[in-house]
K.L.:
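Shown below is the structure under consideration.
As the structure is a computational prediction, the values presented were derived from the model and not from experiment. Letters A, B, ... are given to chains in the order of the sequence lines, protein chains preceding strands, and every chain is numbered from 1.
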Number of protein chains: 2
Amino acid sequence: MKNIEIDDDLYLHIVANTQSIGENASSILRRLLKLDQKASIDESLVQEITAVTSPDDIADNVMDLAEKSEIEALDNSTESVFNFINKEELAMQRGAVGRFLLILAALYRAHPQRFKVVTEICGRDRLYFANSEAELAASGSSTKPKQIPESPFWVLTNSNTTRKKMMLTRAATSLGYNDADVEKIRELL
Amino acid sequence: MKNIEIDDDLYLHIVANTQSIGENASSILRRLLKLDQKASIDESLVQEITAVTSPDDIADNVMDLAEKSEIEALDNSTESVFNFINKEELAMQRGAVGRFLLILAALYRAHPQRFKVVTEICGRDRLYFANSEAELAASGSSTKPKQIPESPFWVLTNSNTTRKKMMLTRAATSLGYNDADVEKIRELL
DNA sequence: GATTCGATCGGAGGGATAGTTA
DNA sequence: TCTAACTATCCCTCCGATCGAA
């Protein structure tokens with residue numbers, strides 16, 4: 001084990017990509033860096049708990065668990081997008097933009113609390129997701145911002161279908177979907 | 001700044017990607033994770049989002065859905081076209097053309113055998129309804145014929161909304177609806 | 001002159017692709 | 001310089017109000 005020092009925003013980015021309670025930094029980083037996972041999630045959890053020695057550590061751990069449980073209770077994290085997708089409605093959309101918004105709305109409804117991580121997804125200079133029309137409009141020209149239905153988030157809409165699929169892929173991945181599910185989501189568009 | 005603990009092999013992976021003497025972990029990670037080198041998260045903004053998405057909002061949404069189902073159930077208890085109108089689907093159409101076609105489709109489904117009477121409805125020289133695209137196209141220029149969904153009939157589409165309402169009025173009247181119901185149908189557009 | 005009807009054309013939306021930047 | 005990634009212009013399609021024609 002090594003200790004490294006990183007900026008706060010990087011730290012938050014890593015935390016935002018946690019996929020299971022108690023997942024450690026190495027596991028998250030391996031996934032983000034697309035490296036092979038060394039051990040299964042369960043094992044890493046066991047190791048982490050086993051490693052706890054001092055009373056302080058125990059306290060920290062309890063705090064962490066309490067915090068995460070709370071987050072999980074607020075977030076509908078047992079739900080998956082697929083419960084919120086209405087295929088009829090999707091099929092009825094005239095263009096890719098309509099389907100795009102519907103899929104994002106479903107993702108939001110399935111993960112209202114964690115959805116904010118998508119805010120980190122962006123292009124070279126344009127923002128892809130934001131909390132207001134103005135933010136997106138300001139990040140480029142003719143970005144065509146649209147509100148994600150029934151949510152406080154906005155998305156950029158001026159892109160080709162390939163890029164819209166990419167945005168979906170990135171959003172679903174950030175929200176913890178595995179490759180198979182991400183593929184299913186991407187196919188909806 | 002935060003300290004995180006990572007596995008030795010991950011540490012080596014990061015070190016191996018150093019691109020300049022003295023480059024720190026954050027810089028290397030940003031590059032590997034394809035993040036902007038200057039990226040930062042506005043934490044106050046994040047808190048604001050979290051506050052907006054309360055469980056109450058979710059409850060409200062559930063209520064709305066329940067209400068809509070009930071309304072739909074009441075509508076379906078009436079006889080005729082109104083049995084075949086899906087308000088959700090109607091509301092979802094982008095323009096008047098979509099609603100126009102949906103209403104006509106409902107009329108057709110309610111009266112498949114008598115529907116052919118609408119064929120007599122026409123303008124000075126353009127046909128308004130016909131059994132083929134060609135007939136409509138031949139009766140004028142840029143008539144923009146569209147097939148009435150799930151039916152063998154076609155309708156002219158190049159007209160203003162006022163005229164589309166008129167066509168509906170005439171069609172419903174021909175099919176025997178009384179003034180009150182005709183008015184309801186016309187209001188759907 | 002008043003009214004109805006037709007279809008042109010301006011406007012909005014969508015998204016492929018040419019052009020730009022890192 | 002060369003390439004890969006990203007941007008946003010611009011073309012296309014759809015819509016329907018408006019205004020000229022009958």
Side-chain angles (χ1 to χ4, degrees), chain A residues 34 90-104 120-130 133 135-149 154-171 186 188-189, chain B residues 19-20 27 30-39 90-104 120-130 133 135-149 154-171 186 188-189:
Chain A
K34 297 182 175 143
L90 259 190
M92 171 176 320
Q93 297 305 309
R94 203 188 303 294
V97 172
R99 291 190 297 278
F100 186 54
L101 292 174
L102 245 27
I103 297 165
L104 288 170
E120 294 173 5
I121 300 167
C122 60
R124 191 179 54 221
D125 25 56
R126 299 196 294 188
L127 297 177
Y128 288 167
F129 297 89
E133 176 173 19
E135 277 177 88
L136 289 181
S139 76
S141 100
S142 302
T143 52
K144 306 287 177 67
K146 288 265 203 313
Q147 186 160 26
I148 298 172
W154 293 68
V155 221
L156 171 145
T157 260
N158 178 219
S159 77
N160 56 27
T161 302
T162 310
R163 186 157 301 273
K164 288 192 193 83
K165 281 195 170 177
M166 210 199 62
M167 292 187 210
L168 281 183
T169 302
R170 290 220 234 160
R186 147 190 281 267
L188 293 173
L189 204 149
Chain B
Q19 284 193 357
S20 60
S27 171
R30 272 189 229 284
R31 185 171 55 252
L32 292 176
L33 295 172
K34 295 176 181 156
L35 299 173
D36 287 344
Q37 284 294 335
K38 284 270 178 178
L90 260 191
M92 173 174 317
Q93 297 305 310
R94 202 183 338 324
V97 172
R99 290 191 297 278
F100 186 55
L101 293 173
L102 245 28
I103 296 165
L104 289 170
E120 294 168 8
I121 301 166
C122 60
R124 191 180 53 227
D125 24 55
R126 299 195 297 186
L127 297 177
Y128 288 167
F129 297 89
E133 176 175 18
E135 277 177 88
L136 290 182
S139 76
S141 100
S142 303
T143 54
K144 304 290 175 64
K146 288 266 205 309
Q147 185 160 26
I148 297 172
W154 292 69
V155 64
L156 171 144
T157 262
N158 178 218
S159 78
N160 58 26
T161 302
T162 310
R163 186 158 303 275
K164 286 190 194 86
K165 280 194 171 178
M166 212 201 60
M167 293 189 210
L168 280 183
T169 301
R170 290 219 233 160
R186 148 193 282 269
L188 293 173
L189 204 151

K.L.:
Under a 4.5 Å cut-off applied to non-hydrogen side-chain atoms, are B:Gln93 and B:Phe100 in contact?
P.N.:
no
K.L.:
Taking atom types as they are modelled, would you say the side chain of A:Asn158 forms a donor-acceptor pair with the base of D:dT7 within the 3.5 Å cutoff?
P.N.:
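Such a pair does not exist between side chain and base.
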K.L.:
For nucleotides 18-22 of chain D, give me every protein contact, N/O to N/O, under 3.5 Å, one pair per line with atom names.
P.N.:
unit_1: D:dT18; atom_1: O4; unit_2: B:Asn160; atom_2: ND2; d: 3.1

K.L.:
If you look at every heavy atom in B:Leu156 and B:Leu127, which pair is closest and at what distance?
P.N.:
CD1-O, 3.6 Å
K.L.:
OP1 or OP2 of D:dC15 sitting under 4.0 Å from any side-chain N/O of B:Lys146?
P.N.:
yes
K.L.:
For A:Thr143 and A:Leu136, work out which heavy atoms get closest and say how close.
P.N.:
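Where A:Thr143 meets A:Leu136 most closely, the heavy atoms are OG1-O, 3.4 Å.
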K.L.:
OP1 or OP2 of D:dT7 versus the side-chain N and O atoms of A:Thr143: is any pair under 4.0 Å?
P.N.:
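For A:Thr143, the contact criterion (side-chain N or O under 4.0 Å from OP1 or OP2 of D:dT7) is not met.
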K.L.:
Of all the heavy-atom pairs spanning A:Asn158 and A:Ser141, show the shortest one and how long it is.
P.N.:
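What the structure gives for the nearest pair is OD1-O, 4.4 Å.
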K.L.:
Which residue lies toward the 5' end of DNA chain D, B:Thr161 or A:Ser142, if each is placed at its nearest nucleotide?
P.N.:
A:Ser142
K.L.:
Can you check the A:Lys144 NZ to D:dC6 C1' distance for me, whole Å?
P.N.:
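From A:Lys144 NZ to D:dC6 C1': 17 Å.
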K.L.:
Nearest 0.5 angstrom please: A:Met167 CE to A:Thr169 OG1, how far?
P.N.:
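Nearest 0.5 Å value for the CE-OG1 distance: 11.0 Å.
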K.L.:
What residues in residues 93-102 of chain A put a non-hydrogen atom under 4.0 Å from any atom of DNA chain C?
P.N.:
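Listed by number, they are A:Gly95, A:Ala96, A:Val97.
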K.L.:
Measure across A:Leu189 and A:Arg99 and return the closest heavy-atom pair with its distance rounded to 0.1 Å.
P.N.:
C-NE, 3.5 Å
K.L.:
Give the minimum heavy-atom separation between B:Phe129 and B:Ala171, together with the two atoms involved.
P.N.:
CZ-CB, 4.4 Å
K.L.:
Between B:Lys165 and B:Thr162, is the side-chain contact (heavy atoms from CB on, under 4.5 Å) condition met? List the steps.
P.N.:
CA-CA 5 Å; B:Lys165 280 194 171 178; B:Thr162 310; 5.8 Å; no
K.L.:
Of the non-hydrogen atoms in A:Glu133 and A:Pro145, which two are nearest, and what is the gap between them?
P.N.:
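Where A:Glu133 meets A:Pro145 most closely, the heavy atoms are O-CG, 3.9 Å.
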K.L.:
Heavy atoms of chain A, cut-off under 4.0 Å: which first and last nucleotide of DNA chain C, 5' to 3', fall inside that, if you could look?
P.N.:
C:dG14 to C:dA22
K.L.:
I'd like to check A:Met166 versus A:Arg163 (side-chain heavy atoms, cut-off strictly below 4.5 Å). Are they in contact?
P.N.:
yes
K.L.:
Round to a whole Å and report the spacing from NZ of B:Lys165 to C1' of D:dG16.
P.N.:
14 Å
K.L.:
Hey, does the side chain of B:Lys164 reach the backbone of B:Ser159 with a donor-acceptor pair shorter than 3.5 angstrom?
P.N.:
yes
